[in-house]
There are 2 protein chains.
Amino acid sequence: MGRVKLEIKRIENNTNRQVTFSKRRNGLIKKAYELSVLCDIDIALIMFSPSGRLSHFSGKKRIEDVLARFANLPDQERELAIVFPEQGQHQRFSYRSDIQNTEQLRNESDIALQLSKPTAITSEDEELHHEIARLLQQLDLAEEQIRIYEPDPIKFTSMGELEIM
Amino acid sequence: MGRVKLEIKRIENNTNRQVTFSKRRNGLIKKAYELSVLCDIDIALIMFSPSGRLSHFSGKKRIEDVLARFANLPDQERELAIVFPEQGQHQRFSYRSDIQNTEQLRNESDIALQLSKPTAITSEDEELHHEIARLLQQLDLAEEQIRIYEPDPIKFTSMGELEIM
DNA sequence: CGCCCTATATATAAGTA
DNA sequence: TTACTTATATATAGGGC
């Protein structure tokens, strides 16, 4: 999007890297803002500049509330999340099969999420999350079963509606 | 960026809103990815689609690590952060004159991260109920769809038998 | 939902101040 | 770091499959 096509790899020149960061950060924030308004969604964007300074954005809700919504998601729901890893080298933070006990999860990142976890959550909340997780799982099972019959969902209008979820 | 200039306000048509979300979400993720690589920075992006499903992205670090870095920031640093409120107006919160002491800020921030604010729980609670209602409706749609194919709920013992069908 | 296509709207790389 | 300019590279609205 400039005079020259820019290869997507680390900009080695410090000044250029910082300048590019400032410009693109603004563009990214603008896009995030537009998306949040157009689609009326919760969104949280956190960035640390090359020099380590924090920049962040969230739509109508406070960023802490969005992060809280993320942190309090039921396990299953997070598992089903659409994730965009950089190069497929990502790991899901918990529920990894290679982790045998929760002790191993007690690193910095997990502590962070713990900050917004349970403490003050009512049991009713937990139940609701559980219920949602259960429903999501059922939906996935149902979807899978439907796909067995009809590999091409587009043919059926009701399927189209189902896919929307 | 399309055939027509789109006004930045909530898209009322449900289908269009969802389609626009999907398209722009991909664009936003791409931008976030490019920024993270070009400038070699930590970034975390969390979005909840119009239907409530989670999408998220982070660069080479796990999103939890980035959130941890955010959560563990000293209050002062977070205060100095470049924040982009809803309207995309680039405001600097540094040295706000309307803040007399950092004490109240620290409390507010902590409460937010701990998700223990009563009001937040209430609204969150409503959202959960809405989500459950939504999932139940979609599950009904799915089950109805399945019934079309399978009037009698037969249990298959293996995928092999299913494929034969 | 995801992919394709095309006409337009936007973002932005470089350079300059 | 921010502002402005301009030539180009990209993103995307709308419509179809």
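When reading the values below, keep in mind they use all heavy atoms of this one structure, side chains included, and skip hydrogens, waters and symmetry mates. Every chain is numbered from 1 and lettered A, B, ... according to where its sequence line falls, protein lines coming before strand lines. Since we're looking at a predicted model, the values are computed, not measured.
- In this structure, B/L38 and B/F21 both approach DNA chain C, and ranking their closest nucleotides by distance from the 5' end singles out B/F21.
- Here the side chain of B/Q18 is nearest to one of D/dA13, C/dC1, C/dT10, namely C/dC1.
- Listed nucleotides: C/dC1, D/dA11, D/dT1. Nearest to the side chain of B/S22: C/dC1.
- Within the structure, a side-chain polar atom (N or O) of B/K30 is placed less than 4.0 Å from OP1 or OP2 of D/dA11.
- One can place CG of A/N16 at 14 Å from C1' of C/dT16, the figure rounded to the nearest angstrom.
- The side chain of A/R3 sits closest to D/dA7 out of D/dT1, D/dA13, D/dA7.
- B/K5 comes within contact range of the sugar-phosphate backbone alone, with a heavy-atom separation under 4.0 Å but no base atom that close.
- In this structure, B/I29 is a member of the same hydrophobic cluster as A/F57, with clusters built from ILVMFWY side-chain heavy atoms closer than 4.5 Å.
- Hydrophobic clustering keeps A/V19 apart from A/F21 (ILVMFWY residues linked when any side-chain heavy atoms are closer than 4.5 Å, directly or through intermediates).
- Computed from coordinates, the A/I8 CD1 to C/dA11 P distance equals 17 Å when rounded to whole Å.
- The distance between atom CD1 of B/I29 and atom P of D/dT12, rounded to the nearest whole Å, is 12 Å.
- Here the side chain of B/R24 is nearest to one of C/dA13, D/dA13, D/dA11, namely D/dA13.
- Atom P of nucleotide D/dA11 and atom CG of A/L6 are separated by 12 Å, given to the nearest angstrom.
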Next on the checklist: Would B/L28 and A/I43 count as a side-chain contact (heavy atoms from CB on, under 4.5 Å) here? Give the steps.
Outcome noted: CA-CA 11 Å; B/L28 191 61; A/I43 186 170; 3.8 Å; yes

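- The nearest whole Å value for the distance from the NZ atom in A/K23 to the P atom in D/dA9 is 16 Å.
- Summarising the geometry, the separation between CD on B/E34 and C1' on C/dA13 is reported as 13 Å, rounded to the nearest angstrom.
- The interatomic distance linking A/E7 (CD) with C/dA13 (C1') rounds to 15 Å, in whole Å.
- By the 6.0 Å and 45° rule, B/R53 does not stack over the aromatic ring of B/F48.
- A chain of hydrophobic side-chain contacts below 4.5 Å, direct or via other Ile, Leu, Val, Met, Phe, Trp or Tyr residues, connects A/I11 to B/V37.
- To the nearest angstrom, P of D/dA13 lies 10 Å from CG of A/L35.
- Take the nearest nucleotide of DNA chain D for B/L28 and for A/S51: the residue whose nucleotide is more 5' is A/S51.
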